[in-house]
Amino acid sequence: IDEGADPATIDRAAETFGFPVGPVELADRVGLDICLAVGRSLEARLDRPLAPVSDRLERLVADGHTGQKAGQGLYDWTEDGPDTGPPAEVPEGMTDRLVLPMLDACVACLREGVAEDAETLDAAMIFATGFPPFRGGPIHHARARGPAALRERLESLADALPAAGDGSAEAPAGPVRLRGVGGLAADPRAAEEAEERSMAAFLEDLVRATGEDRVWTWSIRLENPAP
């Protein structure tokens, strides 16, 4: 947004990937004051925050424009929801700019022992954050795209961003956490077979927990992802 992107276009980029709601609308629904508090906490506690806290976010909260509950935030809100304006075409690279840093952070969580294993992390991201189920979770998606391709893509996106200090958004730190990761750098077929075994066991657990029909529907979405 600080670079001039339309909020509704950002949300559409996330929804095109498969998220149920985009990050801008979600932030407004949660409350920008809460988002600001979380951002400050991450900035203070993480070695490498995903992004610096935006001055725009600071100003909106200071002015009382905290999102849906205030009637104004990153969107203007009515009883019918956010005023997103007419739909716009998603620019090339926007979806990757939203999703790939998330994969990078998930790989870091796996390496640092925050999550016990890839299956637990993928399940948590699907059920707790709305990561698209048909993509199998962030680690599964990262393996499907391939570590070399992800590194190259992250580097190209970082190179294309404005340099820090020119008044625009600061370029990300680069894909350090995707280099040399054991799970992602494994033989592709071996990783695929391991993922198939773990997903089969995961679905069996879901059958016992939630009922066969619901799990059957979800497994079909995994096998037939949206374009």
Side-chain angles (χ1 to χ4, degrees), residues 1-78 81-109 114 125 128-131 138 153-178:
I1 294 176
D2 287 342
E3 296 173 17
D6 173 53
T9 304
I10 295 173
D11 280 344
R12 185 180 180 193
E15 291 162 4
T16 298
F17 183 78
F19 283 96
V21 65
V24 182
E25 181 178 341
L26 181 62
D28 261 3
R29 289 187 180 276
V30 169
L32 299 186
D33 50 339
I34 296 173
C35 294
L36 177 59
V38 171
R40 286 172 173 166
S41 175
L42 293 176
E43 192 172 47
R45 294 173 182 270
L46 294 183
D47 293 335
R48 191 191 69 174
L50 293 182
V53 174
S54 168
D55 290 340
R56 181 190 302 268
L57 180 59
E58 300 263 13
R59 291 194 302 270
L60 285 169
V61 172
D63 292 341
H65 301 155
T66 53
Q68 182 183 17
K69 59 189 174 185
Q72 187 176 358
L74 295 167
Y75 287 120
D76 291 332
W77 286 79
T78 69
D83 180 10
T84 60
E89 184 177 352
V90 176
E92 193 279 330
M94 180 175 282
T95 299
D96 273 348
R97 285 188 64 184
L98 295 174
V99 173
L100 296 192
M102 188 182 301
L103 304 188
D104 192 35
C106 287
V107 170
C109 286
V114 177
M125 291 296 291
T129 75
F131 195 92
R153 183 58 170 156
L154 280 165
E155 287 166 351
S156 68
L157 289 172
D159 290 342
L161 289 180
D166 67 354
S168 54
E170 198 172 311
V176 176
R177 287 172 174 159
L178 287 177

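Along the sequence shown, residues carry numbers from 1. All figures in this text were calculated on a predicted structure; none of them were measured in a lab.
A salt bridge links Arg153 with Glu92: the closest approach of a Lys/Arg side-chain nitrogen to an acidic carboxylate oxygen falls below 4.0 angstrom.
Nearest heavy-atom pair, Ala70 versus Gly64, reported as atom, atom and distance to 0.1 Å: CB-O, 3.4 Å. When every heavy atom of Gly22 is checked against every heavy atom of Glu15, the shortest pair comes out as N-OE2, 3.4 Å. The heavy-atom pair separating Phe19 from Val99 by the smallest distance is CE1-CG2, 4.3 Å. The two residues Leu98 and Ala13 come nearest to each other via the heavy atoms CD1-CB, 3.9 Å.
Within the 3.5 Å criterion, the main-chain N or O of Asp83 finds no donor-acceptor partner in the side chain of Asp76. Looking at Tyr75, its side chain never comes within 3.5 Å of a backbone N or O of Val24 through a donor-acceptor pair. No donor-acceptor pair closer than 3.5 Å links the side chain of Thr66 to the backbone N or O of Val61. Without hydrogens or angle criteria, Thr16 side chain to Arg12 main chain gives a donor-acceptor distance under 3.5 Å.
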Could you walk me through whether Leu74 and Ile1 pass the side-chain contact (heavy atoms from CB on, under 4.5 Å) check?
CA-CA 9 Å; Leu74 295 167; Ile1 294 176; 4.1 Å; yes
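To the nearest 0.5 Å, atoms CH2 (Trp77) and NE2 (His65) are separated by 15.0 Å. Atom CD of Gln68 and atom OG1 of Thr78 lie 9.5 Å apart (nearest 0.5 Å). Once rounded to the nearest 0.5 Å, the distance linking OG of Ser41 with CG of Leu36 reads 11.0 Å. Summarising the geometry, atom CZ belonging to Phe17 is positioned 8.0 Å from atom CE belonging to Met102; distances are rounded to the nearest 0.5 Å. Atom CD in Gln72 sits 10.5 Å away from atom CG in Leu32 (nearest 0.5 Å). Atoms CE and CD1, from Met94 and Ile10 in turn, are 5.0 Å apart once rounded to the nearest 0.5 Å.
In this structure the side chain of Phe131 reaches within 4.5 angstrom of the side chain of Leu103, judged on heavy atoms.
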